[in-house]
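Index from 1, following the sequence.
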Amino acid sequence: MREILAIFKGLYITLKHNLKNIFKNQFTIQYPDVKRRLPQRARWALRLQRHEDGTERCIVCQLCAAICPSEAIYIEGDENPIDNPIGKGQRYPAVWMWDAGRCLYCGFCVEACPDEVIIMSDVYEMASPSRESMVWDKNKLFVPIGVKPKQAWMGFYRNINQIDGNPVSLPKEIHQKEEEVYAREKKERKRFYENKKFMFLEDENFINSK
């Protein structure tokens, strides 16, 4: 009897969602003929930005490769030629490789880059029949020449007002929650120094006990 009730319960849930989608006109998108428009803060495939004059922005500081938790980034630097500079720094990346199969899409590399070279794009179609083809090199990573660089740092803690000229809508009451956390930490820190619970070197009772 319990098994029969479970079957009818499953049918009820399926019918409920089906009717809900019918009345709200929410149907499956016919992918790949129709593609969903991703939000502005979509974080998928990495791309490398250039300067507005077309030169490469990367200065081979290796911070992105160092902070990557899955070691999905590999860079080899070389001296920037004076007669035909590839970038504006002393060095430029002769090799810049990103393994899309190893990447966690955490965005640590974007936040670590001091020159906003790395951005996370809306390119999500990265399926491949082989592991080798999932390793992107410079030719695939760098945006075309002439594409205007955009703001890469998108963390809410940076208090961004706009991205690429468009205003950013922050989650509801996020600043209020941050202020409450900071106020609570400040209060706890003040109480800690006043009581000196763990500052044994300044605790007379602890010193006298020795």
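Note that CG of Asp99 is 11.0 Å distant from CD of Glu71, once rounded to the nearest 0.5 Å. Summarising the geometry, atom CG belonging to Leu19 is positioned 11.0 Å from atom NE2 belonging to His17; distances are rounded to the nearest 0.5 Å. Distance check: Thr14 OG1 to Lys9 NZ gives 12.0 Å after rounding to the nearest 0.5 Å. Atoms CD and CZ, on Glu3 and Phe8 in that order, are 13.0 Å from each other to the nearest 0.5 Å.
Taken together through direct or relayed side-chain contacts under 4.5 Å among Ile, Leu, Val, Met, Phe, Trp and Tyr, Tyr105 and Leu38 form part of one hydrophobic cluster. Hydrophobic clustering places Trp44 together with Met120 (ILVMFWY residues linked when any side-chain heavy atoms are closer than 4.5 Å, directly or through intermediates). Linking ILVMFWY side-chain heavy atoms closer than 4.5 Å, directly or via other members, places Leu46 and Ile67 in two distinct hydrophobic clusters. The hydrophobic cluster containing Val110 does not contain Leu104, counting ILVMFWY residues as joined when their side-chain heavy atoms lie under 4.5 angstrom apart, directly or transitively. Phe142 and Ile75 fall within the same hydrophobic cluster, where Ile, Leu, Val, Met, Phe, Trp and Tyr residues are linked whenever their side-chain heavy atoms come under 4.5 Å apart, directly or through other members.
Shortest non-hydrogen contact noted between Pro144 and Arg47 is CD-NH2, 4.2 Å. Here the closest non-hydrogen pair linking Ile145 and Gly54 is CG2-CA, 3.9 Å. In terms of heavy atoms, Cys68 sits closest to Ile73 at SG-N, 4.4 Å. The two residues Arg43 and Cys106 make their nearest non-hydrogen contact at NH1-O, 3.4 Å. Contact detail for Ser70 and Cys103: the closest heavy-atom pair is OG-CA, 4.0 Å. Listed here is the closest heavy atom pair of Cys61 and Pro114: SG-CD, 3.8 Å.
Using cut-offs of 30° and 60° for the angle between ring planes, the Trp136 and Trp98 rings count as perpendicular.
Annotation for Tyr31: atom OH counts as buried by contact number, over 12 foreign heavy atoms lying within 6.0 Å.
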For the pair Gln49 and Ile119, evaluate side-chain contact (heavy atoms from CB on, under 4.5 Å) and give the outcome as yes or no after the intermediate values. CA-CA 7 Å; Gln49 299 196 110; Ile119 58 174; 3.5 Å; yes

The test is side-chain contact (heavy atoms from CB on, under 4.5 Å); show your working for Arg102 and Arg131 and say whether it passes. CA-CA 10 Å; Arg102 295 177 62 94; Arg131 294 276 306 177; 3.9 Å; yes

Stepwise, does the side-chain contact (heavy atoms from CB on, under 4.5 Å) test hold for Cys113 with Leu63? CA-CA 6 Å; Cys113 181; Leu63 290 178; over 6 Å; no

Test side-chain contact (heavy atoms from CB on, under 4.5 Å) on Lys140 and Asp137; report intermediate values, then the result. CA-CA 6 Å; Lys140 196 172 182 179; Asp137 58 5; 3.8 Å; yes

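Formation of a donor-acceptor pair under 3.5 Å by the Thr55 side chain with backbone atoms of Lys88 is not found in this model. Under a 3.5 Å cut-off, the side chain of Asn80 and the backbone N or O of Gly89 do form a donor-acceptor pair. Judged by distance alone, the side chain of Lys138 and the main-chain N or O of Pro93 form a donor-acceptor pair under 3.5 Å. A donor-acceptor pair under 3.5 Å is formed between the side chain of Arg57 and the backbone N or O of Asp115.
Annotation: side chain of Tyr92 is not in contact with side chain of Pro85 (no heavy-atom distance under 4.5 Å).
Partner of Val60 under the side-chain contact (heavy atoms from CB on, under 4.5 Å) criterion, chosen from Gln90, Glu76, Arg91: Arg91.
A salt bridge is defined here as a Lys NZ or Arg NE, NH1 or NH2 lying under 4.0 Å from an Asp or Glu carboxylate O, and Lys150 with Glu116 fails to meet this definition.
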